[in-house]
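Written out below as structure tokens is the structure these notes cover.
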Amino acid sequence: MGRELLCSVRTGGKTASGNALLETSEIIFRGDLRLKIPFASLKSVATRDGELHLKWADGSAAFALGEHAEKWAHKILHPKSTAEKLGIKPGLVISAIAMEDGDFVKDLRAKAKSFSDTKALKNSDLIFFGARTAADLARAGKLAPALASAGVIWIVYPKGRQEITELQVFVAGKAAGLVDVKVVKFSETHTALKFVIPVAKR
């Protein structure tokens, strides 16, 4: 879920009004015309007079973003790493439950102040929970009580699988008493949904 701004765009000799959405790996424009521009396809990114100018192999567009043009250009040119998007930093209490034991888990173990991959540690700042099927999601409710007041549960699940859907993940998080706040591309094959304790219950 990115930042959305009302703006106009010039592309292909036409000007249209609508909403531009800055996502983690693309810009989406919805209005009198529709655009989806992956960052990976861009040949150039520049700003002039409050406009964000983008060029790709078979087209170009100028978004009238005003003071936001420079900020959007910076985010496109300097995207956050997956670890930054997931809030991983040294010194946290981190639990990794049912996650495949690969480089990701090794990195968590190296950075964490306290780490467990067998049970959720009390007052966890981050809990990564790997769910392969909808049935696995029942564990989310048992993990939620281990969260620190401002802690986060990331439910990591495979994309495009009938055994588990985004809607089922949302429902499971809500049933655990949590609210969803963010979606992140975890890998080429998996998505991560971020859940937190509602502010009123912290």
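We number each residue from 1, following the sequence as shown.
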Roughly how far, to the nearest 0.5 Å, is [atom2] of [Y] from [atom1] of [X]?
X    : Y    : atom1 : atom2 : value
R109 : S114 : CZ    : OG    : 12.5 Å
K113 : L121 : NZ    : CG    : 11.0 Å
K111 : L92  : NZ    : CG    : 10.0 Å
L65  : K71  : CG    : NZ    : 11.5 Å
L137 : F129 : CG    : CZ    : 6.0 Å
E4   : N19  : CD    : CG    : 4.5 Å

Against S95, only a single residue in I153, I127, L147, L143 fulfils side-chain contact (heavy atoms from CB on, under 4.5 Å); can you say which?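 The passing option is I127.
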Test applied, side-chain contact (heavy atoms from CB on, under 4.5 Å); reference residue, V9; option that passes from L35, L52, I27: L35
Is K159 salt-bridged to E166, going by a charged N under 4.0 Å from an acidic O? no
Identify the heavy atoms of [X] and [Y] that sit nearest to each other, and give their distance.
X    : Y    : value
L178 : P198 : CA-CD, 4.3 Å
K119 : I97  : C-CD1, 3.5 Å
A98  : G130 : CB-O, 3.4 Å
I164 : T133 : CD1-O, 3.7 Å
P158 : H190 : N-CD2, 3.5 Å
C7   : A20  : SG-CB, 3.7 Å

Quick one: does [X]'s side chain get under 4.5 Å of [Y]'s, heavy atoms only?
X    : Y    : answer
L21  : F29  : no
K182 : L193 : no
D180 : K194 : no
V45  : W72  : no
L86  : F128 : yes
V196 : R202 : yes

Hydrophobic clustering (ILVMFWY, side-chain heavy atoms < 4.5 Å, transitive) - are V171 and I155 grouped together?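 Not linked; separate clusters.
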Could you see if V156 belongs to whatever hydrophobic cluster contains I88? Use Ile, Leu, Val, Met, Phe, Trp, Tyr and a side-chain cutoff under 4.5 Å. yes
Do [X] side-chain atoms and [Y] backbone N/O form a donor-acceptor pair below 3.5 Å?
X    : Y    : result
D125 : G151 : no
T11  : S60  : yes
W154 : L126 : no
D107 : F104 : no
R10  : A61  : no
S41  : W56  : no
E84  : S81  : yes

Carefully, step by step, assess L108 and D117 under the rule side-chain contact (heavy atoms from CB on, under 4.5 Å). CA-CA 10 Å; L108 290 180; D117 59 3; over 6 Å; no
Where do L22 and F39 land on the side-chain contact (heavy atoms from CB on, under 4.5 Å) test, with the steps shown first? CA-CA 10 Å; L22 182 66; F39 296 164; 3.6 Å; yes
Verify side chain to side chain donor-acceptor pair (under 3.5 Å) between S8 and T15, making sure each step is shown before the conclusion. CA-CA 7 Å; S8 63; T15 300; over 6 Å; no
Does E163 have more than 12 heavy atoms from other residues, nucleotides or ligands lying within 6.0 Å of its CD? yes
If you count the non-hydrogen atoms of other residues, nucleotides and ligands that lie under 6.0 Å from NZ in K85, is the total more than 12? yes
Would L54 and I37 count as a side-chain contact (heavy atoms from CB on, under 4.5 Å) here? Give the steps. CA-CA 9 Å; L54 305 178; I37 309 169; 4.2 Å; yes
Should H53 and T47 be marked as a side-chain contact (heavy atoms from CB on, under 4.5 Å) after you check the CA-CA gap, both sets of side-chain angles, and the distance that decides it? CA-CA 6 Å; H53 292 259; T47 59; 6.0 Å; no
Answer with yes or no after comparing the ring centroid distance for F186 and Y157 against a 6.0 Å cut-off, counting only values under it.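 No.
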